[in-house]
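Position 1 is the first residue of the sequence; numbering continues from there. Excluded from the calculations below are hydrogen atoms, water molecules and symmetry mates; all remaining heavy atoms, backbone and side chain alike, are included.
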Amino acid sequence: MPKGEYLQYGGQAIIEGVMMRSPRYFSVACRAPNGEIVIETEAIEKTWIGKQHWLKYPFMRGSLALLDAMALGLRAMKFASNVQLDPKYLPEGETPDASAKPRNAVKEAKIQDAAIGFTIVFSIAFGLLLFNYVPNLVAELTQRAAGNTNERQINFIAEIVKFVIFIGYIAGIGQLKDVKEVFKYHGAEHKAINTLEAEKPLVFEECLKQTRLHPRCGTSFAMIVLLVGLLVFTFVPRYPITGHKTAFPLIDVSVRFLIELAILPLIAGTAYELLRLAGRFRNQKVVNLFFKPGIWMQYLTTREPEEGQIEVALVALKAVLEAEESDKAPVEEEEVNELESAPVVVP
């Protein structure tokens with residue numbers, strides 16, 4: 001593999017498994033109820049969004065990468081859930097429930113596709129509401145009660161509330177048993193990618209030595225978005241239409257929410273470019289210092305994996321590497337998605 005090509009590889013933790021992706025393929029490996037590792041490798045199809053060349057320019061491709069990672073992650077989760085429910089993967093000695101209705105594969109596929117689409121829309125809406133609208137509402141109401149009329153101070157408080165809610169949310173869901181297991185697979189996925197980037201053999205012993213942290217993790221991406229947002233949104237006028245507070249706080253907050261929503265793609269794009277920088281210069285002390293908050297957050301979104309989880313991550317990574325090796329077609333640089341993403345936690 002040419003030096004630097006590893007930046008084109010990333011992954012994502014899912015239920016009982018790991019999804020790994022390369023420029024042209026993605027592989028999903030998951031542990032079935034009977035202990036078997038089930039794997040599937042597919043070519044990455046270009047969606048309508050993925051074909052929009054204007055979304056691939058610097059400072060625009062961050063939004064594309066985020067939507068792409070979410071959609072691909074949900075497809076991987078669909079595969080993993082099918083494996084967990086498939087009767088042929090039941091532990092030895094267990095039999096399918098005789099009272100269960102016969103499965104209609106076509107009908108189930110349509111239902112799952114609809115569910116995936118709904119989940120993407122719901123997840124985006126939920127995230128915007130929780131991490132953008134609510135902080136602005138909290139800042140607006142508390143500062144009105146305190147008699148504070150300084151726009152920049154109110155904006156700054158809203159950004160701090162975003163950090164508090166984000167960290168609290170991650171810490172909270174991390175206490176759930178099932179999420180802890182996903183976070184272990186997240187750690188295994190990072191270890192596998194770190195082994196590849198260190199140009200070490202993709203074997204358990206080498207993978208175990210690697211750190212479970214990674215500078216291109218989606219957790220780091222989220223933290224960079226928050227930090228850039230702090231620097232930008234603090235200075236964006238809070239009441240651009242009236243120039244002052246109105247008697248209706250919900251109207252002011254809603255207008256502010258729409259303004260931030262319009263700017264958010266540029267914030268995400270800037271964060272993505274910085275994340276690429278972190279991946280390319282990960283051994284530079286100054287760069288590492290700037291990205292430390294994102295690395296620290298990964299102590300919440302990853303756990304030290306067990307042997308079986310590392311095995312699953314390596315199987316997925318080897319599969320996608322083999323697929324790329326068998327496909328020698330050149331890859332355009334603009335097609336590379338360098339976002340090595342954190343697990344998508346569906347509310």
Side-chain angles (χ1 to χ4, degrees), residues 10-21 26-40 69-70 72-92 94 112 115-116 119 123 126-127 166-195 202 204 207-214 216-222 294-320 340-347:
Q12 189 172 115
I14 55 176
I15 297 172
E16 294 297 334
V18 170
M19 181 272 288
M20 292 288 188
R21 67 160 297 164
F26 76 100
S27 293
V28 186
C30 61
R31 183 78 65 178
N34 63 1
E36 178 183 348
I37 297 178
V38 184
I39 185 165
E40 180 176 79
M70 180 178 290
L72 202 59
L74 288 171
R75 287 178 63 187
M77 290 172 65
K78 172 184 173 181
F79 172 77
S81 64
N82 285 339
V83 170
Q84 300 305 313
L85 297 174
D86 196 326
K88 71 181 180 182
Y89 295 121
L90 286 174
E92 187 177 353
E94 288 191 20
Q112 285 187 330
I116 288 175
T119 301
S123 298
F126 177 85
F166 177 72
I167 296 173
Y169 175 77
I170 295 297
I173 64 172
Q175 302 308 308
L176 302 175
K177 180 180 178 181
D178 290 342
V179 175
K180 286 181 179 179
E181 289 301 306
V182 173
F183 284 176
K184 286 183 180 180
Y185 277 106
H186 190 198
E189 174 244 316
H190 280 184
K191 283 178 176 285
I193 292 293
N194 282 327
T195 304
L202 296 178
F204 173 78
C207 192
L208 187 63
K209 297 176 185 177
Q210 302 299 321
T211 175
R212 73 177 202 253
L213 311 177
H214 194 285
R216 287 186 291 117
C217 175
T219 306
S220 295
F221 177 75
I295 296 293
W296 292 333
M297 274 298 297
Q298 291 178 47
Y299 284 107
L300 293 179
T301 62
T302 65
R303 298 285 189 275
E304 281 297 331
E306 299 171 9
E307 181 176 345
Q309 291 158 335
I310 292 177
E311 181 185 8
V312 170
L314 287 174
V315 167
L317 181 55
K318 289 177 182 178
V320 82
E340 197 275 347
S341 141
V344 176
V345 181
V346 182

**Asked** Are the side chains of Arg31 and Ile37 in touch, meaning some heavy atoms are under 4.5 Å apart?
**Response** yes
**Request:** Would you mind reporting whether Gln309 and Glu181 have side-chain heavy atoms less than 4.5 Å apart?
**Result:** yes
**Item:** Intermediate values then yes/no, side chain to side chain contact (heavy atoms under 4.5 Å, CB included), Asn34 and Lys88
**Value:** CA-CA 9 Å; Asn34 63 1; Lys88 71 181 180 182; over 6 Å; no
**Prompt:** Can you name the nearest heavy-atom pair linking Val18 to Val312, along with the distance?
**Reply:** N-CG1, 4.0 Å
**Prompt:** More than 12 foreign heavy atoms under 6.0 Å from CZ of Phe204: is that the case here?
**Reply:** yes
**Asked** Does any non-hydrogen side-chain atom of Leu213 lie less than 4.5 Å from one of Tyr299?
**Response** yes
**Asked** Which heavy atom of Tyr89 sits nearest a heavy atom of Ala32, and at what distance?
**Response** CB-CB, 3.7 Å
**Message:** I'd like to know if the side chain of Arg21 and the backbone of Gln12 have a donor-acceptor N/O pair within less than 3.5 Å.
**Reply:** no
**Prompt:** With side chains defined as the heavy atoms from C-beta onward, is the minimum distance between Asn194 and Lys191 less than 4.5 Å?
**Reply:** no
**Request:** Using salt bridge (Lys or Arg N to Asp or Glu O under 4.0 Å) as the criterion, point out the one residue from Glu16, Glu306, Glu304 that pairs with Lys184.
**Result:** Glu306
**Item:** Matching residue for Thr302 among His214, Arg212, His190, His186 - test: side chain to side chain donor-acceptor pair (under 3.5 Å)
**Value:** Arg212
**Message:** Contact between Ile193 and Met20 at the side-chain level, heavy atoms closer than 4.5 Å - yes or no?
**Reply:** yes
**Item:** Nearest heavy-atom neighbours spanning Ile39 and Phe79
**Value:** C-CZ, 4.2 Å
**Item:** pair Ser220-Met297: side-chain heavy atoms closer than 4.5 Å
**Value:** no
**Request:** Quick one: pull up OG1 in Thr195 and CG in Leu317 and give me the separation to the nearest 0.5 Å.
**Result:** 8.5 Å
